[in-house]
Amino acid sequence: MLIRKYENSDFDQLCHVMDRARMQELKTANMEQVFIQLRDAPYLGYLLKCKIYVAIKEEKMVGFVGLRSHELSFLYVDPNFQNLGVGKKLIEFALKRLEKPIKLEVFTDNLAAKALYRKYVFRVVKTVVEKWSDEYPIEFSQDTMEMK
């Protein structure tokens, strides 16, 4: 597996990976109804301002990370490639490029992601329960995790 810097020509594959993994993530929080494709998501600009690195296996994008200063902002793996070490390789790649302390946010109910982060000594430092939006007034819980 190769991890390399994101290129504009990767956009369609990035959307594919993000959309599949995001829907899975939202299902763990019982929030599928708030799903928006990445192309239309309000956080698309935020993602594209990150330093993005993509994981390529057999010429196909299987996951990616988005990094900001002291922050692991995005880490998504295509569901078809989960539990194969892709997330582990991406997080190890990211940690070599970030200065501590490093923060990230994850749905409280996303136990698989939190288990991965705990392996790298991330700990929950804050939990927030809030409303998703006025259009979808669903309450959800999100944890901020930190590696010191």
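Here the structure is a predicted model, which means the values were calculated and not measured. No hydrogens, no waters, no symmetry mates; every other heavy atom, side chains included, goes into these values.
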Kindly determine whether K131 and I138 satisfy side chain to side chain contact (heavy atoms under 4.5 Å, CB included), including the steps that lead there.
-> CA-CA 5 Å; K131 183 173 64 165; I138 302 161; over 6 Å; no
Heavy-atom closest contact (V62 atom, M1 atom, distance) = CG2-SD, 4.2 Å
With a 3.5 Å cut-off and sequence neighbours excluded, list the donor-acceptor pairs that the side chains of residues 95-108 form with protein atoms.
{"from": "R97", "atom 1": "NH1", "to": "F93", "atom 2": "O", "distance (Å)": "3.0"}
{"from": "E105", "atom 1": "OE1", "to": "Q142", "atom 2": "NE2", "distance (Å)": "2.7"}
{"from": "T108", "atom 1": "OG1", "to": "S141", "atom 2": "O", "distance (Å)": "3.2"}
{"from": "T108", "atom 1": "OG1", "to": "S141", "atom 2": "OG", "distance (Å)": "2.6"}
{"from": "T108", "atom 1": "OG1", "to": "Q142", "atom 2": "N", "distance (Å)": "3.4"}
{"from": "T108", "atom 1": "OG1", "to": "D143", "atom 2": "OD1", "distance (Å)": "2.9"}

R68 charged N/C atom sitting above F74 aromatic ring, 6.0 Å / 45° | no
Sequence neighbours excluded, the answer for side-chain contact (heavy atoms from CB on, under 4.5 Å) partners of E130 is V128, F140
Nearest-0.5 Å distance, CZ of residue F35 to CD of residue Q24 = 12.0 Å
Scanning both residues in full, the closest heavy-atom pair of A94 with L67 reads CB-CD2, 3.6 Å
Hydrophobic cluster membership, L48 vs Y53, 4.5 Å side-chain cutoff | no
If you look at every heavy atom in V77 and A21, which pair is closest and at what distance?
-> O-CB, 3.5 Å
Could you note down all residue pairs passing ring pair (Phe, Tyr, Trp, His ring centres under 6.0 Å) where residues 5-24 supplies at least one of them, sequence neighbours left out?
-> none
Apply the test side chain to side chain contact (heavy atoms under 4.5 Å, CB included) to residues Y76 and V65: give CA-CA distance (whole Å), side-chain angles for both, the deciding distance (0.1 Å), then the verdict.
-> CA-CA 7 Å; Y76 284 94; V65 290; over 6 Å; no
Give the minimum heavy-atom separation between D134 and P137, together with the two atoms involved.
-> O-CD, 3.7 Å
Mind checking ring-ring contact (aromatic ring centres under 6.0 Å, His included) for Y43 and listing every partner two or more places apart, or none if nothing turns up?
-> none
Contacts of V125 that satisfy side-chain contact (heavy atoms from CB on, under 4.5 Å) - sequence neighbours left out | T144, E146
Can you list the steps and then say if F64 with L90 is a side chain to side chain contact (heavy atoms under 4.5 Å, CB included)?
-> CA-CA 7 Å; F64 70 92; L90 282 168; 5.6 Å; no
Just checking, any donor-acceptor pair under 3.5 angstrom between side chains of S133 and E135?
-> no
Applying side-chain contact (heavy atoms from CB on, under 4.5 Å), name anything that partners S9, two or more places apart in sequence or on another chain.
-> E7
In sequence, state the C-alpha distance, the side-chain angles, and the governing distance for D78 and K57, and then conclude on salt bridge (charged side-chain N to carboxylate O under 4.0 Å, His left out).
-> CA-CA 11 Å; D78 184 307; K57 189 172 187 177; over 6 Å; no
Side-chain ion pair, R22 and E25, N-O less than 4.0 Å | yes
Where do M147 and Y117 land on the side chain to side chain contact (heavy atoms under 4.5 Å, CB included) test, with the steps shown first?
-> CA-CA 9 Å; M147 171 195 275; Y117 300 140; over 6 Å; no
Does the salt bridge (charged side-chain N to carboxylate O under 4.0 Å, His left out) test come out yes or no for K27 and D109, once each step is laid out?
-> CA-CA 10 Å; K27 281 182 180 179; D109 294 336; over 6 Å; no
Under a 4.5 Å cut-off applied to non-hydrogen side-chain atoms, are L14 and L38 in contact?
-> yes
P42 and I36 have their tightest heavy-atom pair at CD-CD1, 4.3 Å
What about I3 and I52, same hydrophobic cluster or not, with Ile/Leu/Val/Met/Phe/Trp/Tyr joined at side-chain heavy-atom distances under 4.5 Å?
-> no
Would you call K5 and D10 a salt bridge, taking side-chain N to carboxylate O under 4.0 Å as the test?
-> no
